[in-house]
Amino acid sequence: MQIDLRTVAIQPQRQAFDHLVRRFGDKAASRYQEGSYDIQAAENLHYRPTWDPDHQLYDASLTRIVMADWYALKDPRQFYYSTYTLTRARQQETAEANFSFVESRGLADMLSDELRAVALNVLVPLRHAAWGANQNNTSVCGYGYGVIFTQPCMYHAMDNLGIAQYLSRLGLLLGDTEALDAGKKAWLDDVTWQPLRRYVEDCLACRDPFELFVAQNLALDGLLYPLVYERIVDEHLSVRGASAVAMLTQFMSDWFDETRKWVDAVIKVAAAESDANRAVLTEWIRQWSARAASAMVPVVELALGSAADEAVGEQLEAFKARVLKTGITL
Amino acid sequence: MSTVFIALQANEETRPIIEAIEIDNPQAIVHRQPAMVKIDAQGRLVIRRATIEEQLGRDFDLQEIHINLISLTGHVVEDDETLTLSWND
Amino acid sequence: MDMKVAKKKLGLKDKYKLMTRDLGWEPSYHSKDELYPYMNYEGIKIHDWDKWEDPFRLTMDAYWKYQAEKERKFYAIIDAHAQNNGHLNLTDARYLSALKIFLQAISPGEYAAHRGFARVGREFPGVGPQVACQMQAIDEIRHAQTQIHAMSNYNRYYNGFHAFADQRDRIWYTSVARSFFDDSMSAGPFEFMIAIGFSFEYVLTNLLFVPFMSGAAYNGDMATVTFGFSAQSDEARHMTLGLEVIKFILEQDPDNLPIVQNWIDKWFWRGFRVLGLVSTMMDYMLPKRVMSWREAWDIYGVENGGALFKDLARYGIKPPKGWDDAEKAIDHMSHQFMLGLYQWSFGTSFHSWIPSDADMDWLAGKYPDTFDKHYRPRWKHIKKLAAAGTPFKNYGLARLCQTCQLPSVFTEPDDPTLTCHRETVYKGEKYQFCSDGCQHIFENEPEKYIQAWLPMPQLFQDPIKGDLGEWMKWVSLLDGKDNGDYAGSEDQKNFEAWRGLATTNQ
């Protein structure tokens, strides 16, 4: 029997799930709310981890940051899996179009040897840094507390992997597999890259999920992305005729613009929670950003030469201004 | 020999894929169930990109199969041209 | 000079290698043990992570592209389902009991798997397995969310769904599924992979999803069909990962075999107990049935599981220890579960019911050796009590198994007239079990399982102190709405009234 069900007007029994009504009142919930709030087990956890018997399976005390409610750290983009994936799918379409435009027009072959070398020397080793970022965000997702905080870190981790892969494709396009080999060698042995590699490895050793979030997503990326993708690619290289490179890194530029709003929102709410949190965050941001800035100097030198110190200095000032808006004075 | 299988959603997109599987695996048995098509084969099942493209009349990337895949068994070997399921026994 | 050099044409495999494992490097500012500290304590020996064979080779751009397509389809269908009162297409609203159990017990498991895979996706010191685990981590949160979103509309019209987040942590029967996932997450990374990646995904999820989703299709539940099949398309990748993991571990060192075999024995039995409820869903809860639990077991358990273990025999792997006991339980378990659910239905956030005569004839046909002999007489007795106005309720506390947390409703493998019950004394305390399998699991790791949170003793602690009404409040169970017999329930009355509106002009 086929019946026309649309004509039936019936009263719903309730608007939303109980836990969402308690949080947001008796009204229909958004899909972000349904997919994010309180879906991590919170009580009566059964067993202590055999790999860390001093803690619970989900344990807010793994970090020095203390929140009365970890679900306060809302993602302004309100990403749940679907909105996240659809957004990235659109961006990857653009990236794909950009790669094939550069390829089909032979734009890569039109680059001067000098600019091509700069692009390869700066960008290709960064695929390893992006892989470090992937592991760090995976770690924050794994050990952080509360879905609102951990969920976007998983998306961020997959973005980091995507960026590592776009950088690999860029290397292949501009310099074939030899470029990837050379980039890896530089990352491992070249003095230029050692401060940055040490920074990334120190992050991998960090087991406080919130500190790791600060070190990777705020301090390092907050300097690296504007320095590399704005100053070096969009300004230095494009002005000299290598705008093809900017096409190949458009994903990274757009991505940084989008994700920094989320990072700032998280820091702002955590800092506003208590003076103790603000003090811990200030200490972390100060330490990690100072290290990140000095690690970036030799990398920026690859493109800007003696102007690198000044560029990094300016970027650090801009970074401090950004952090100030989250309520933290460095 | 053990049976391997692949199950796909029953829809317009999978029709040419299923036809291609039938062409390349004459020994396979196709079970049509509500919303699902399950294809069993003794020991080995091979899915060829070229055969799907012939049915479809356009280029096809074998990874597109993920969109409508429900389940499978056996060891998976995947390259640009084929996706093979098999048991070693 | 022409600098243009023909680019090497890279095949899928080589390209994927450059896009994943070539990204990794040997750390030198910290030791590998410091950065990947959980690799040794389980005793698994890995000599060369590069021997890892990638299962499906999806780079992130392809992942986003294909997953987005799946998501668009999924939400288009559930939006239409909500806008068009799709719930009135159900064969009958009692079917929803299966979905209520799913949302309270299985969807939280998807979330737990998400976190578990994020952890192993960080802890393995090889890029290949890390990336595969991370993709599974992001897929698993997708599954939790698509399930909640698909069932959200049912929650607006039917009871029993509204408190799934509270009930996940508090109500007695969800403890079965949650203890399973907590058990896997509290294990080391290799055991987690054998538990979830191999035993659960490879050996058992076909049994959960494929018949469940076909059942949904048979019963007019397009929302569930859609999330189910959409999730399964990811499961195919996860299963391949599970199989790759076990081959990789076994090929790395012969000393790994006994450890892995022990985990397979353990996790097969844990998984078999958790998924046991699917048997009841298939045999009792679907108004229109697809196939019996026995038939599903023969296809997805005996045939596929058999092929798998025949294949793994070359590594020295034997079928799981509990396999024969499982086979002996197949013709009994759905009946034993449903009888249990019916007598404790005052304490469940879903309905159960007495099967009709026609249902019982179907069951007798599917279970010719067991149903008429052991279970029809019990249902007849229960039916008589209900007709006399004294429905059968068991207000006694169920004795829960310390390992699987199910009430002891199962019988001895070789004697269906005798309830199976095992006991172990550990450090002066007595612990109860439902089976040899669960007792062995406890005895291998008693220090773990004595920590289990058991929902029944909680009844006697603050704030409940043995008061059933207080307990219902604590688990957010609305007496007379969420629980009890489907016959006479609000769900039944509403569904029939709404269907009436759709088919008449009143």
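Quick caveat, the model's predicted, so the values are computed rather than measured. Chain A is the first sequence line, chain B the second, and so forth, proteins listed ahead of strands; every chain is numbered from 1.
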Q | Best-contacting candidate, B:V76, B:I6, B:L83, against chain C by heavy atom pairs under 4.5 angstrom | A | B:V76
Q: Answer yes or no for B:R44 and B:W87: cation-pi contact, defined as NZ/CZ to six-membered ring centre under 6.0 Å and angle to ring axis within 45°.
A: no
Q) For C:K73, is it the side chain, the backbone, both or neither that has a heavy atom under 4.5 Å from a heavy atom of chain B? A) side chain
Q: For chain C, find which of B:D79, B:L8, B:I70, B:V4 contributes the most heavy-atom pairs closer than 4.5 angstrom.
A: B:I70
Q. Which bit of B:E81 is near chain C, if near means a heavy-atom gap under 4.5 Å: side chain, backbone, both or neither?
A. neither
Q: Please determine if C:E53 and C:K13 form a salt bridge, counting it only when a charged side-chain N lies under 4.0 Å from a carboxylate O.
A: yes
Q. With a 4.5 angstrom heavy-atom cut-off, which part of B:Q9 approaches chain C: side chain, backbone, both or neither?
A. side chain
Q) Do you know which of C:E303, C:M239, C:R57, C:E235 has the most heavy-atom pairs under 4.5 Å to chain B? A) C:R57
Q) Do NZ/NE/NH1/NH2 and the carboxylate oxygens of C:D234 and C:R237 come within less than 4.0 Å? A) yes
Q: Using non-hydrogen atoms and a 4.5 Å limit, figure out which bit of C:Y202 sits close to chain B: side chain, backbone, both or neither.
A: side chain
Q: Flag the pair C:F268 / C:W323 as yes when their ring centroid distance falls below 6.0 Å, and as no otherwise.
A: yes
Q: Mind telling me whether C:H143 and C:H238 have parallel, tilted or perpendicular rings, with 30° and 60° as the class edges?
A: tilted
Q. Any cation-pi pair here, C:K288 with C:Y218, using under 6.0 Å and within 45°?
A. no
Q: Name the region of C:Y300, side chain, backbone, both or neither, that has any atom closer than 4.5 Å to a heavy atom of chain B.
A: side chain
**Q.** Among C:T240, C:L312, C:N304, residue most engaged with chain B (heavy-atom pairs, under 4.5 Å)
**A.** C:N304
Q) Any Lys/Arg nitrogen of C:R142 or C:E110 sitting under 4.0 Å from an Asp/Glu carboxylate oxygen of the other? A) no
Q.
Out of C:N206, C:L58, C:D54, return the one with the most heavy atom pairs under 4.5 angstrom to chain B.
A. C:L58
